[in-house]
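Structure record follows, encoded as C-alpha cells.
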Number of protein chains: 2
Amino acid sequence: MTVRVDSTQPRRSDVTRAAILRAARERFASDGYERATIRAIAADARIDPSMVMRYYGSKEGLFAAAAEFDLRLPDLTHVPPGRFGDVLVRHFLARWDGDETLVALLRAASTNPGAAERMRGIFADQLITAVATFGGDPATTARRAGLVASQILGLAFTRYIVRLPPMVELDQEELVSWIAPTLQRYLTGQPES
Amino acid sequence: MTVRVDSTQPRRSDVTRAAILRAARERFASDGYERATIRAIAADARIDPSMVMRYYGSKEGLFAAAAEFDLRLPDLTHVPPGRFGDVLVRHFLARWDGDETLVALLRAASTNPGAAERMRGIFADQLITAVATFGGDPATTARRAGLVASQILGLAFTRYIVRLPPMVELDQEELVSWIAPTLQRYLTGQPES
DNA sequence: ACCGTAGGCCAACGCCTGTTGACATACAAC
DNA sequence: GTTGTATGTCAACAGGCGTTGGCCTACGGT
C-alpha cells in the first residue's frame, strides 16, 4: 500500500495544478468570473476539464485558489511619514503590473459575491492592518484605509478595466505625482483641508 | 390599413417597454451583465421573454437601451472655481442614489466589452466636456478628467459594488469633506503639490 | 361591423455550462 | 513482477441560456 508520509513533498501533479492556476488567473483577469469557463481554462492548460474539478472541487474552489492574493504591503515604520503616499502608489503600480491576480479579483468582484467578499477580506486583513502601523488615531484607521482603497481601486479600475485613454497613457511618474498627495492626505491629513 | 402617422404618439406597448427597462436596470445593477438573464428580467416585468426580443432585438440591445445614461453634470461656469470639487462630489452622490443605471453600467463594464466602451463614451462625451468648460490649459483637460474619473469611480466601486464597510458607513458630508479636495486638486491644481 | 395589425403567450430549438462517473495508463512500493 | 494508487481522458448528463416562429387576442381605423 502506498501511504503519503510527508504531505509537503512534491506531488507528481504539481505542474498540472500550477498550469491550471496560471490559466485560471489569465482567464479570470481577462474575462471575469462568469465568462471564464472551466473548459476554456482547461484547454489553455492543455488538460481535461474534469481535472480542474478533481483538483479544485468546483469553479468557486478554483477561483478561491486562483485569487489568493498578498498585497505585500511594505513596512512603513522606517519611511518618513511625509512619503507614505509616494511609497504606496509606487508599490501598488509595481504590484499590479507584475501580477494579474488583482485584475482578476477586481473584475470578478463586480459580479461575484464571493469575490467581493474576498476583496473585503484583503482590505480588512492587509490594508487596514498596514494603515494601523502608521500610528495615528485608531478610531480613524478604517476610514483612512477605506479612502485609500477608493482611490487605489479607482485607479486600477479606470486604468486596467475600463481603460480610459488618459489613465492608460499616463506614465508611472505622472501618476505618482498626482495620486501620491491624495493618499498622503487620506492617511495623515484632516478632512476639508 | 393602419398607418402610423405620428411616430411620436404613444404606443399601446409603452408601459410594457418601460417595465422591461426598469426591470433590466435593476437586474443589471444587482447581478451584472451575464447573470442578469432575459428570463429573469421578463419575469420581473411580468411578461414573456420573447417580448424583450421583439422590443429590443437582443440582450445587447436591451442593455444598450437600459444603460443610456446622462450624468447631468451641472453648469459650472457660475460656480466659484474654488468650489468645483465640492459641487462635483455632491452632484455625483445625489445622481447615484437616485438612479441605479450607473451601478448597472459599472458592474457590467467589468466584464462586458460593450459596456466598457459605453463607459468610455460617457467619460469622453460628458466628463471631458464638462471639465473643458472650467477653462484651464486644454492640453491637460483629458488628463484632469481622467483623474477625476479615477476617484469618482473608485468611490462608487468601493461604496456600491464591493461595499467596503468604512466606505458604506461614511455619510455624505464626511465623504464630501474628504473627496472634494482631491477633485479640486485634480481639476485646478498642479502635480506633486 | 369589419379587418389589419400590434401586443402578448407558448413551446421549442440549438448551444453552452458545470459537473459526474466509467475507463485507460503510468508511476512507485513491495 | 505484481499491485494499488495517482494521473489523465472520454462521453455524457441535466439544466440554463439567448433566441425563434407560430398562434391567439384585442384594439382601432375605416
Side-chain angles (χ1 to χ4, degrees), chain A residues 1-24 27-28 30-67 108 111-115, chain B residues 1-24 27-28 30-67 108 111-115:
Chain A
M1 188 169 67
T2 305
V3 173
R4 176 164 302 282
V5 190
D6 178 6
S7 68
T8 65
Q9 86 185 29
R11 285 161 300 195
R12 197 152 41 97
S13 63
D14 280 347
V15 291
T16 301
R17 296 177 123 93
I20 293 175
L21 271 194
R22 184 162 4 102
R27 286 281 177 178
F28 282 134
S30 65
D31 298 346
Y33 184 82
E34 16 275 329
R35 293 171 102 101
T37 67
I38 289 194
R39 286 170 149 90
I41 291 167
D44 290 353
R46 300 180 189 285
I47 45 95
D48 191 88
S50 63
M51 299 301 293
V52 178
M53 304 304 296
R54 185 180 310 212
Y55 290 144
Y56 296 99
S58 67
K59 187 178 182 181
E60 285 231 3
L62 172 63
F63 179 80
T111 54
N112 187 266
Chain B
M1 189 169 68
T2 305
V3 173
R4 176 164 302 283
V5 190
D6 178 6
S7 68
T8 65
Q9 87 186 28
R11 285 162 297 196
R12 198 154 37 101
S13 61
D14 279 347
V15 291
T16 301
R17 297 177 122 94
I20 293 175
L21 271 193
R22 184 162 3 102
R27 286 282 177 178
F28 282 134
S30 65
D31 298 347
Y33 184 82
E34 18 274 330
R35 292 169 101 102
T37 69
I38 289 195
R39 287 169 148 92
I41 292 167
D44 290 354
R46 301 179 189 284
I47 45 95
D48 190 87
S50 63
M51 300 300 293
V52 178
M53 305 302 296
R54 182 175 311 194
Y55 291 144
Y56 296 99
S58 67
K59 188 178 181 180
E60 286 232 2
L62 172 63
F63 179 79
T111 54
N112 187 265

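Atoms considered below: every heavy atom in the structure, side chains included; atoms not considered: hydrogens, waters and symmetry mates. A note on names: the letters A, B, ... follow the listed sequences, proteins ahead of strands, and every chain is numbered from 1.
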Return whichever of A/Gly57 or B/Val15 has its heavy-atom-nearest nucleotide of DNA chain C closer to the 5' end. B/Val15
Pairs satisfying side chain to side chain donor-acceptor pair (under 3.5 Å), at least one member in residues 15-24 of chain A, at least two apart: A/Ser13-A/Arg17
Short heteroatom pairs, N/O only, protein and nucleotides 13-16 of chain C, under 3.5 Å:
none

Any B/Tyr55 side-chain nitrogen or oxygen under 4.0 Å from OP1 or OP2 of C/dG8: yes
Quick one: A/Ile41 CD1 to C/dT17 C1', roughly how many Å, whole number? 13 Å
Here the distance between atom C1' of C/dG18 and atom CD of B/Glu34, to the nearest Å, is 16 Å
Donor-acceptor contacts, no H, no angles, side chain residues 41-53 of chain A, under 3.5 Å, sequence neighbours left out:
unit_1	atom_1	unit_2	atom_2	d
A/Asp44	OD1	A/Arg27	NH2	3.3
A/Asp44	OD2	A/Arg27	NE	2.7
A/Asp44	OD2	A/Arg27	NH2	3.4
A/Asp48	OD2	A/Ser50	N	2.9
A/Asp48	OD2	A/Ser50	OG	2.7

Might you point out which heavy atoms bring B/Ile20 and B/Tyr56 nearest each other, and give the distance in Å? CG2-CE1, 3.8 Å
Looking at residues at least two apart in the chain, or sitting in another chain, which of them share a side-chain contact (heavy atoms from CB on, under 4.5 Å) with B/Thr37? B/Arg39, B/Ala40
Residue met sooner reading DNA chain C from 5', once B/Arg17 and A/Glu60 are mapped to nucleotides: B/Arg17
Length of the line joining A/Arg54:CZ and D/dA6:C1', which is rounded to integer Å: 8 Å
Among residues 42-52 of chain A, which contact DNA chain D at a heavy-atom distance under 4.0 Å? A/Ile47, A/Asp48, A/Ser50, A/Met51
Could you check how far CG of A/Asp14 sits from P of D/dG8, rounded to whole Å? 10 Å
What is the distance, to the nearest angstrom, from the CE atom on A/Met53 to the P atom on D/dC13? 18 Å
Here the distance between atom P of C/dT17 and atom OH of A/Tyr33, to the nearest Å, is 14 Å
Suppose the criterion is salt bridge (Lys or Arg N to Asp or Glu O under 4.0 Å): which pairs have a residue in residues 51-60 of chain B, not counting sequence neighbours? none
Atom-to-atom span, CZ of B/Phe63 to P of D/dG18 - whole angstrom: 14 Å
Can you name the side-chain hydrogen bond (donor to acceptor under 3.5 Å, both in side chains) partners of A/Glu34, sequence neighbours left out? A/Thr111, B/Arg35
Between C1' of D/dA12 and CD1 of A/Ile38, the distance in whole Å: 16 Å
Test side-chain contact (heavy atoms from CB on, under 4.5 Å) applied to B/Ala67 - qualifying residues, sequence neighbours left out: B/Phe63, B/Leu105, B/Arg118
